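Computed from a predicted structure; not experimentally measured. In listed order, ligands and their atoms are each counted from 1.
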Amino acid sequence: MGEFRAGLGWDLHRLVEGRRLVLGGVQIPYEKGLAGHSDADIVAHAATDALLGAAGLGDIGEHFPPSDPQWKDTPSLVFLRRARELVEQHGFSVVHLDVVVILERPQILPYRERIRESLAVALGVDPASVSVKAKTAEGLGPVGEGLAAEAHAVATLRHR
Ligand code: MG
């Protein structure tokens with residue numbers, strides 16, 4: 001049986017007016033969105049870093065530098081799909097992804113299954129192998145004040 005590896009990813013972007021809110025590739029109706037060079041999808045970014053971390057392949061900033069104009073306004077699921085291809089090229093397969101999103105508003109629960117499915121498609125796994133949980137920051141800190149949102153992800157990979 002192959003070796004199992006866990007990888008951790010984290011991301012945070014500011015919540016601002018005039019931007020779309022995209023989480024895990026799913027657009028969520030809200031008065032604010034995440035600021036960034038790409039679509040600033042914190043879930044996809046944290047998941048991408050989790051995959052790269054598990055395979056020991058660096059981080060999202062190395063592979064998709066914000067200074068590179070080709071990534072401007074890129075749907076971040078592209079990064080996640082590329083990270084999956086990269087880890088697969090190195091003999092890994094994705095077993096599971098667990099995500100925690102932390103933001104004060106809006107409620108994520110109504111979109112949770114769509115986010116799971118979207119991530120599962122990008123990763124080539126069953127939606128049952130993707131977990132998405134959302135929490136608030138209890139009004140504390142910049143996330144609690146609605147100025148930012150963050151995501152944590154743990155990816156489990158198996159080496160063939
Ligand atoms: Mg990011």
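When distances from the Mg ion (ligand 1) to the N, O or S atoms of H45 are compared, ND1 comes out shortest. The Mg ion (ligand 1) is closest to atom NE2 of H13 (considering only N, O or S atoms). No other N/O/S atom of D11 lies as close to the Mg ion (ligand 1) as OD2 does.
No side-chain donor-acceptor contact under 3.5 Å links H96 and S129. Under 3.5 Å, the side chains of S131 and D98 contain a donor-acceptor pair of N or O atoms.
Between the side chain of T156 and the main chain of V95, no donor-acceptor pair closer than 3.5 Å is present.
Aromatic pair H90/H159: centroids not less than 6.0 angstrom apart.
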